[in-house]
Q: 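Okay, handing you the structure first.
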Amino acid sequence: MVLIGLLLPATRTGKVDRVVDATPAQLAAVILDKASQPTWRSSLAKVEVKSQTTWTETTQKGEVIAFELTAQTAETIQMRLNSSYGYQGQWEGRLVPTPTGGTHIFVTEQATTPAPIGRIFARLFFNPEAFADAYLDALAEETQRRHTRDLK
């Protein structure tokens, strides 16, 4: 098994995109509202905000992921992550306004698993595109919910 794991690439990248009926600022506000994320992301048990740029997420399965916000502009949000499951990586969201007032969001998530056995488990149990797709579904829904609430 170790030999198979050594033959697998250590780094995997998932890329997804979606058009959301919200402004880039509205989407960024939801992404960066770390403390509220367990209320709209069913995979999270809790979030512990340590500072404006660092926090941890604990999943329903007990995985603890430490995040650090490394860049934030009107168009881009970038983070580094380090998981208790033995991988580390980067997350980037690019927010591009659409002519209709929405946002085309492009998410790239890259995860590196140094351990050969961990690479095998990552291939078997984690699909970065599916994970990012589910995140964008929840993000779009929460952004719409907040926008609708604010209009009332």
Side-chain angles (χ1 to χ4, degrees), residues 5 8-97 102-150:
L8 294 172
T11 300
R12 295 175 67 200
T13 301
K15 295 182 179 188
V16 296
D17 66 283
R18 174 104 21 95
V19 175
V20 179
D21 187 22
T23 66
Q26 289 169 321
L27 274 176
V30 176
I31 293 167
L32 296 170
D33 181 5
K34 299 166 274 302
S36 75
Q37 292 200 19
T39 64
W40 58 271
R41 291 177 58 201
S42 62
S43 63
L44 287 183
K46 69 177 182 175
V47 171
E48 182 181 346
V49 178
K50 298 176 184 287
S51 73
Q52 284 199 258
T53 59
T54 60
W55 67 98
T56 59
E57 295 179 356
T58 303
T59 69
Q60 295 290 350
K61 295 179 181 179
E63 177 184 11
V64 178
I65 308 169
F67 285 89
E68 177 186 7
L69 181 65
T70 56
Q72 178 188 350
T73 68
E75 301 86 24
T76 305
I77 299 170
Q78 295 175 332
M79 305 171 202
R80 270 193 294 254
L81 57 108
N82 193 346
S83 169
S84 64
Y85 281 10
Y87 65 89
Q88 60 274 340
Q90 300 173 34
W91 184 95
E92 178 181 81
R94 284 189 308 114
L95 309 168
V96 180
T103 302
H104 196 162
I105 180 170
F106 299 85
V107 170
T108 302
E109 186 163 331
Q110 188 175 67
T112 300
T113 306
I117 299 296
R119 294 178 202 170
I120 294 170
F121 285 113
R123 294 270 176 196
L124 292 172
F125 300 110
F126 183 71
N127 177 334
E129 281 89 11
F131 180 80
D133 215 31
Y135 173 81
L136 285 182
D137 286 344
L139 174 65
E141 186 177 312
E142 176 63 10
T143 303
Q144 286 302 111
R145 187 190 67 73
R146 290 184 189 195
H147 181 65
T148 301
R149 179 194 67 201
D150 292 345

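Remember, it's a predicted structure, so these values are computed and weren't measured experimentally.
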Q: Got Thr59 and Ser43 here, is their nearest side-chain heavy-atom distance under 4.5 Å?
A: no
Q: Between atom NZ of Lys34 and atom OG1 of Thr56, what is the distance when rounded to the nearest 0.5 Å?
A: 12.0 Å
Q: So, Arg94 and Asp17, do they make that salt bridge, N to O below 4.0 Å?
A: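 Judged by the 4.0 Å cut-off on N to carboxylate O distance, Arg94 and Asp17 do not form a salt bridge.
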Q: Between the side chains of Thr11 and Gln110, is a donor N or O closer than 3.5 angstrom to an acceptor N or O?
A: no
Q: Can you name the one residue among Ile31, Leu136, Ile77 that meets side chain to side chain contact (heavy atoms under 4.5 Å, CB included) with Val107?
A: Leu136
Q: Go through it in stages, so that I can follow the logic: the residues are Leu69 and Met79, the test is side-chain contact (heavy atoms from CB on, under 4.5 Å), and I'd like the CA-CA distance, side-chain angles, deciding distance and then a yes or no.
A: CA-CA 4 Å; Leu69 181 65; Met79 305 171 202; 4.2 Å; yes
Q: Phe121: what forms a ring pair (Phe, Tyr, Trp, His ring centres under 6.0 Å) with it, not counting sequence neighbours?
A: none
Q: So, do Arg12 and Arg123 sit near enough that their side-chain heavy atoms are less than 4.5 Å apart?
A: yes
Q: Between Glu141 and Arg145 (salt bridge meaning N to carboxylate O under 4.0 Å), is one present in this structure?
A: no
Q: Is the closest side-chain donor-acceptor distance between Thr39 and Ser36 under 3.5 Å?
A: no
Q: Would you say Gln88 and Pro114 make side-chain contact, with heavy atoms under 4.5 Å?
A: yes
Q: For a quick test of reading the model, state the closest non-hydrogen atom pair linking Pro24 to Gly102 and the distance between them.
A: CD-O, 4.4 Å
Q: Does any non-hydrogen side-chain atom of Tyr85 lie less than 4.5 Å from one of Lys61?
A: yes
Q: In Å and rounded to the nearest 0.5 Å, what is the CD to CG distance from Glu109 to Leu81?
A: 6.0 Å
Q: Can you see which heavy atom on Val49 is nearest to which on Trp55, and at what distance?
A: CA-CB, 3.9 Å
Q: Kindly assign one of parallel, tilted or perpendicular to the pair Trp40 and Tyr135, based on the angle between their ring planes and the thresholds 30° and 60°.
A: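 Taking Tyr135 first and then Trp40, their aromatic rings sit tilted (interplane angle of 30° to 60°).
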Q: So do Arg41 and Val47 actually touch side chain to side chain, heavy atoms under 4.5 Å?
A: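 Not touching, per the 4.5 Å side-chain cut-off.
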Q: Is any side-chain heavy atom of Ile105 closer than 4.5 Å to a side-chain heavy atom of Leu139?
A: yes
Q: Would you name the heavy atoms of Thr143 and Ala22 that are closest together and state the gap between them?
A: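 Shortest heavy-atom contact: CG2-CB, 3.4 Å.
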Q: Only one of Gln90, Glu92, Glu68, Gln72 forms a side chain to side chain contact (heavy atoms under 4.5 Å, CB included) with Gln78, so which one is it?
A: Glu92
Q: Check whether Glu75 reaches the backbone of Leu95 with its side chain - one donor and one acceptor, N or O, closer than 3.5 Å.
A: no
Q: Taking Ala115's backbone N and O only, do any of them form a donor-acceptor pair with Thr113's side chain (distance below 3.5 Å, no angle check)?
A: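 No: the side chain of Thr113 does not pair with the backbone of Ala115.
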Q: Would you indicate whether Asp137, at its atom CG, is surrounded by more than 12 heavy atoms from other residues, nucleotides or ligands within a distance under 6.0 Å?
A: yes
